[in-house]
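Any value given below was found using the heavy atoms of this structure, including those in side chains, with hydrogens, waters and symmetry copies removed. For ligands, and for the atoms within them, numbers begin at 1 and follow the listed sequence.
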Amino acid sequence: MTVIVLLGAPGAGKGTQAAFLAQRYDIPHVSTGDLFRSAVRDGSPIGQEARRFMERGQLVPDEITIRMLLGRLAEPDAARGAILDGFPRNRPQAEALDTALAEHGSRVDRALGIEVPVDELVRRLSGRWICRAEGHPYNEQTNPPARPGVCDLDGSQLFQRADDQPETIRVRLSQQLSSLEEVVEHYRRRDVLEVIDGMRPIDEVSDALVAAIGDGSAVGKR
Ligand code: AMP
């Protein structure tokens with residue numbers, strides 16, 4: 001299987017790019033944030049546990065997060081691989097992923113870091129809107145929908161996430177940037193890291209990611 005990890009702070013554009021790459025390479029977009037939000041909506045035990053942390057902008061404990069992610073990767077549609085968005089968020093998660101993939105003779109093929117300065121992250125996160133039906137992301141400044149408040153792709157209503165409020169944004173960023181750095185280092189040492197300038201227009205970032213992955217001939221072969 002081919003596992004591609006997208007790395008970047010909240011607001012770097014991981015969700016937008018992961019959705020694009022999933023379509024381009026025909027493998028699922030696996031976002032731990034989306035998995036948690038749907039667990040919260042369903043009121044499942046994982047959702048009830050995760051909610052307390054998510055509302056405060058804190059990371060959900062590794063034990064719960066890793067179990068949920070590995071469960072998702074074991075589903076049939078991920079047999080050829082996956083684009084991971086929002087996981088791993090710290091070194092223990094990166095190591096747990098390596099161990100689980102190694103058991104299947106696999107590994108992370110590419111870790112793609114999307115780099116964006118902090119001031120820009122705060123600006124983007126406070127302008128972020130998400131669609132109710134599928135979680136398609138929009139941004140007031142950088143990627144507005146054609147009709148305000150309505151998703152271009154499925155017509156559902158757009159909303160702002162509770163954890164995209166300015167105070168929570170600052171907590172999330174300060175907590176997450178240092179562990180993101182650990183994860184970047186983890187993949188740099190394994191020689192699978194490529195860093196992309198996330199300040200460029202969305203299409204150019206997509207092109208740079210595709211160039212870093214290559215033609216995708218490896219996708220599904222391992
Ligand atoms: P995201 O949509 O990736 O920004 O994630 C939203 C929230 O879900 C985060 O603020 C965390 O509370 C939780 N979450 C998502 N991914 C992880 C992860 N890999 N480890 C721990 N918590 C996570």
Among R89, E181, Q58, side-chain hydrogen bond (donor to acceptor under 3.5 Å, both in side chains) partner for Q176: R89

Shortest protein heavy-atom distance from atom 20 (N) of ligand 1, along with the residue and atom involved: Q93 NE2, 2.9 Å

In the hydrophobic cluster built from side-chain contacts under 4.5 Å, what are the other members alongside V171? none

Quick one: does K14 get a heavy atom under 4.0 Å from ligand 1? no

Inspect the contact between D77 and R72 and indicate whether a charged nitrogen and a carboxylate oxygen are less than 4.0 angstrom apart. yes

What protein heavy atom sits nearest atom 22 (N) of ligand 1, and how far off is it? V60 N, 3.0 Å

Answer yes or no: does atom CZ of R147 have more than 12 heavy-atom neighbours from other residues, nucleotides or ligands under 6.0 Å? no

Side-chain hydrophobic cluster, 4.5 Å single linkage: members besides L59: none

Counting only heavy atoms closer than 4.0 Å, does ligand 1 sit against the backbone of R161, its side chain, both, or neither? side chain

Identity and separation of the nearest protein heavy atom to atom 23 (C) of ligand 1: F36 CE1, 3.7 Å

Nearest-contact summary for atom 10 (O) of ligand 1 - protein heavy atom, Å: Q176 NE2, 3.8 Å

Less than 4.5 Å apart, side chain to side chain, heavy atoms only: is that true for R190 and D98? yes

Closest non-hydrogen protein atom to atom 11 (C) of ligand 1, residue and atom name please, with distance? Q58 O, 3.5 Å

Among all protein heavy atoms, pick the one closest to atom 17 (C) of ligand 1 and tell me residue, atom and distance. T32 OG1, 3.6 Å

Considering only protein heavy atoms, which is closest to atom 1 (P) of ligand 1, and at what distance to one decimal place? R89 NH2, 3.6 Å

After noting the C-alpha distance and the side-chain angles of E55 and R52, does the key distance pass the salt bridge (charged side-chain N to carboxylate O under 4.0 Å, His left out) rule? CA-CA 6 Å; E55 279 173 349; R52 300 190 287 132; over 6 Å; no

May I ask you to check whether F87 has an N/O atom sitting below 3.5 Å from an N/O atom of ligand 1? no

Distance filter under 4.0 Å to T65 heavy atoms, resulting ligand 1 atoms: 18 (C), 19 (N), 20 (N), 21 (C)

Do we see a donor-acceptor contact under 3.5 Å between the side chains of E134 and S156? no

Can you tell me the protein heavy atom closest to atom 8 (O) of ligand 1 and the distance? M54 CE, 3.7 Å

